[in-house]
S.K.: 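Input: one structure, supplied below.
The chains referred to below are lettered A, B, ... by the order of the sequence lines, with proteins before strands, and numbering in each begins at 1.
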There are 2 protein chains.
Amino acid sequence: MTGAVESSPPRRTRIQLEKRELILEAALEVFSTNGFRGSTIDQIAEAAGMSKPNLLYYFRRKEDIHETLMQRLLDTWLAPLRELDDIGDPLTELRSYIRRKLEMARDFPRESRLFANEILQGAPRIMPMLEGELKTLVDEKANVIKGWMRAGKIARTDPWHLIFSIWATTQHYADFDVQVRAVLGPDRGGDGRFEDAARFLEQLFIDGLKPKG
Amino acid sequence: MTGAVESSPPRRTRIQLEKRELILEAALEVFSTNGFRGSTIDQIAEAAGMSKPNLLYYFRRKEDIHETLMQRLLDTWLAPLRELDDIGDPLTELRSYIRRKLEMARDFPRESRLFANEILQGAPRIMPMLEGELKTLVDEKANVIKGWMRAGKIARTDPWHLIFSIWATTQHYADFDVQVRAVLGPDRGGDGRFEDAARFLEQLFIDGLKPKG
DNA sequence: CTAACGTTTGTCCAACCGGTCAAAAATTTG
DNA sequence: CAAATTTTTGACCGGTTGGACAAACGTTAG
């Protein structure tokens with residue numbers, strides 16, 4: 001279906017590489033705050049400091065920008081989960097996974113919102129990837145976690161829902177940032193809120209996962 | 001600013017009440033899956049089984065529909081938290097709050113997604129409510145929880161972030177439903193997933209909150 | 001029946017939006 | 001320098017969208 005293989009990556013000049021980068025940066029900003037349909041090419045062009053036809057010289061269609069953005073996103077987005085490995089102490093592994101995810105929510109909130117927007121609208125453009133690459137990765141890591149449970153290293157529970165809950169709690173601080181700030185108020189809604197969140201989440205997850213005894 | 005007080009609620013015939021209800025139902029469906037800008041009046045009108053000008057006879061502007069929808073949403077959305085009270089056993093109170101929130105994600109996913117869409121885009125239309133009504137309610141309940149902590153009924157932690165984590169984990173099953181289904185696959189992604197989620201969340205939160213010893 | 005009122009729709013419009021195109025401007029190459 | 005190539009832009013186009021409007025239709029009360 002969408003299998004149009006780019007047989008040879010199109011040759012690009014230095015200017016093209018730079019301008020494409022500029023556009024993608026601007027588009028990330030615009031798409032993540034307005035959604036795909038809510039964003040106009042003009043907005044992106046203005047944010048990138050160029051005219052609309054000029055932008056369309058680098059990306060032929062609006063959807064091409066979004067697609068490129070999404071492809072890049074997914075690689076970096078799943079990196080923390082890929083790092084979750086069987087070599088260290090289970091509780092330490094999970095704790096650092098949670099920390100890495102929370103750091104991504106802090107450092108890449110726009111990417112998180114871009115992803116959330118896409119999923120919220122039914123993931124029309126990345127569904128195959130969810131059912132393929134993502135499912136495979138999660139199943140694999142769920143099995144790792146199951147091994148830890150069998151070995152008595154962490155409490156027995158559902159590994160898939162455990163992963164969901166880590167995603168939900170950490171991404172919440174990027175996706176629902178305005179709500180978090182509004183509720184915490186000007187005092188506690190500042191930069192320190194991620195430290196507080198990290199402390200809280202560690203306590204919640206670790207104490208809940210610690211094997212009894 | 002927006003303080004146009006509706007001095008007298010406009011008199012409405014039976015037909016008007018019914019048709020407005022029909023439109024709001026259709027609009028909830030359309031807005032929650034396409035976002036505000038991604039939805040057209042025509043789509044809503046078609047979903048409500050009437051012509052566009054006819055719809056505009058009942059709601060003068062597209063934004064009026066969205067606003068009405070949002071006002072209704074907020075009341076029902078905060079109901080579970082309002083019920084969180086100081087009268088029962090703290091752990092039981094929290095457990096049933098989590099259950100109620102998860103039930104809302106299951107029974108009203110469209111409302112959840114409508115809300116998520118609004119927050120994701122910076123909450124342009126409900127910011128005052130977040131800083132006012134919502135913050136007040138959360139602060140109040142956070143103090144209740146603090147009391148439980150002081151009394152040694154639950155582990156000491158940050159009540160605000162505890163509430164955030166309950167929101168995040170439960171709403172995740174509505175907002176990220178397609179992802180959850182895709183990852184769980186056709187076998188486990190069916191109706192039973194909410195039972196599994198309920199079991200998991202109960203274990204995660206309660207065991208993590210249980211006072212030591 | 002008929003006048004008054006409430007409801008519905010076809011038609012129209014102006015603004016917006018994604019995208020094209022040809023020509024101008026800038027840059028690179030020989 | 002001049003030719004070739006790449007980059008930039010103004011003007012334009014067709015389709016969509018939110019919304020206005022008047023005329024038609026339906027309903028109800030006198």
S.K.: Find the distance F59(A):CZ to dG18(C):P and express it as a whole number of Å.
M.R.: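 These atoms are roughly 16 Å apart.
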S.K.: Rounding to an integer number of Å, can you tell me how far D42(B) CG sits from dT16(D) C1'?
M.R.: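 From D42(B) CG to dT16(D) C1': 9 Å.
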S.K.: Does atom CD (E46(A)) have a neighbourhood of more than 12 heavy atoms from anything else shown, all under 6.0 Å?
M.R.: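 No, the 6.0 Å shell around CD holds no more than 12 heavy atoms from other groups.
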S.K.: Expressed as a whole number of angstroms, how long is the span from E18(B):CD to dT27(D):C1'?
M.R.: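 The answer, rounded to whole Å, is 15 Å.
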S.K.: Rounding to an integer number of Å, can you tell me how far I44(A) CD1 sits from dG18(C) C1'?
M.R.: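 Distance, rounded to whole Å: 11 Å.
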S.K.: In whole angstrom, give the distance that lies between atom CZ of R37(A) and atom C1' of dT16(D).
M.R.: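 It works out to 9 Å between those atoms.
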S.K.: Grab the NZ-C1' distance between K52(A) and dG18(C) for me, whole Å please.
M.R.: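 Distance check: K52(A) NZ to dG18(C) C1' gives 6 Å.
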S.K.: Please state whether the rings of F36(A) and H66(A) are parallel, tilted or perpendicular, taking 30° and 60° as the class boundaries.
M.R.: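 Answer is perpendicular, since the angle exceeds 60°.
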S.K.: Considering heavy-atom distances to DNA chain C, does P53(A) or F36(A) have its closest nucleotide positioned more toward the 5' end?
M.R.: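 Its nearest nucleotide lies further toward 5', so the answer is F36(A).
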S.K.: Is there a donor-acceptor pair closer than 3.5 Å between any side-chain N or O of R20(A) and the backbone N or O of Y58(A)?
M.R.: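 Side chain of R20(A) to backbone of Y58(A): a pair is present.
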S.K.: May I ask you to evaluate whether Q16(B) reaches the phosphate of dG6(C), defined as a side-chain N or O under 4.0 Å from OP1 or OP2?
M.R.: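 Result: no.
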S.K.: Strictly below 4.0 Å: does N54(B) bring a side-chain N or O up to OP1 or OP2 of dT7(C)?
M.R.: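 No.
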S.K.: Do the side-chain N or O atoms of Y58(A) get closer than 4.0 angstrom to the phosphate oxygens (OP1, OP2) of dT8(D)?
M.R.: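 So the side chain of Y58(A) is within the cut-off, an N or O lying under 4.0 Å from OP1 or OP2 of dT8(D).
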S.K.: If you assign S51(B) and L56(A) each to the DNA chain C nucleotide with the nearest heavy atom, which residue ends up on the more 5' nucleotide?
M.R.: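 Closest to the 5' end, via its nearest nucleotide, is S51(B).
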S.K.: Indicate yes or no: does E140(A) engage R82(A) in a salt bridge with an N to O separation below 4.0 Å.
M.R.: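 Salt bridge absent between E140(A) and R82(A).
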S.K.: Closer than 4.0 Å, any side-chain N/O of K19(B) to the OP1 or OP2 of dT8(C)?
M.R.: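 So the side-chain polar atoms of K19(B) do come within 4.0 Å of the phosphate oxygens OP1 or OP2 of dT8(C), strictly under.
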S.K.: Looking at R193(B) and D177(B), does any basic side-chain N land under 4.0 Å from a carboxylate oxygen?
M.R.: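 Here R193(B) pairs with D177(B) in a salt bridge, since their nearest N and O are under 4.0 Å apart.
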S.K.: Between P on dT7(D) and CG on L22(A), what's the gap in Å once rounded to a whole number?
M.R.: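 Distance, rounded to whole Å: 14 Å.
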S.K.: Could you tell me whether the phosphate oxygens of dT7(D), OP1 or OP2, come under 4.0 Å of any side-chain nitrogen or oxygen in Y57(A)?
M.R.: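 Answer yes for this pair, as a side-chain N or O of Y57(A) is under 4.0 Å from OP1 or OP2.
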S.K.: In whole angstrom, give the distance that lies between atom CD of E63(B) and atom P of dG19(D).
M.R.: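 After rounding, the gap between these two atoms is 8 Å.
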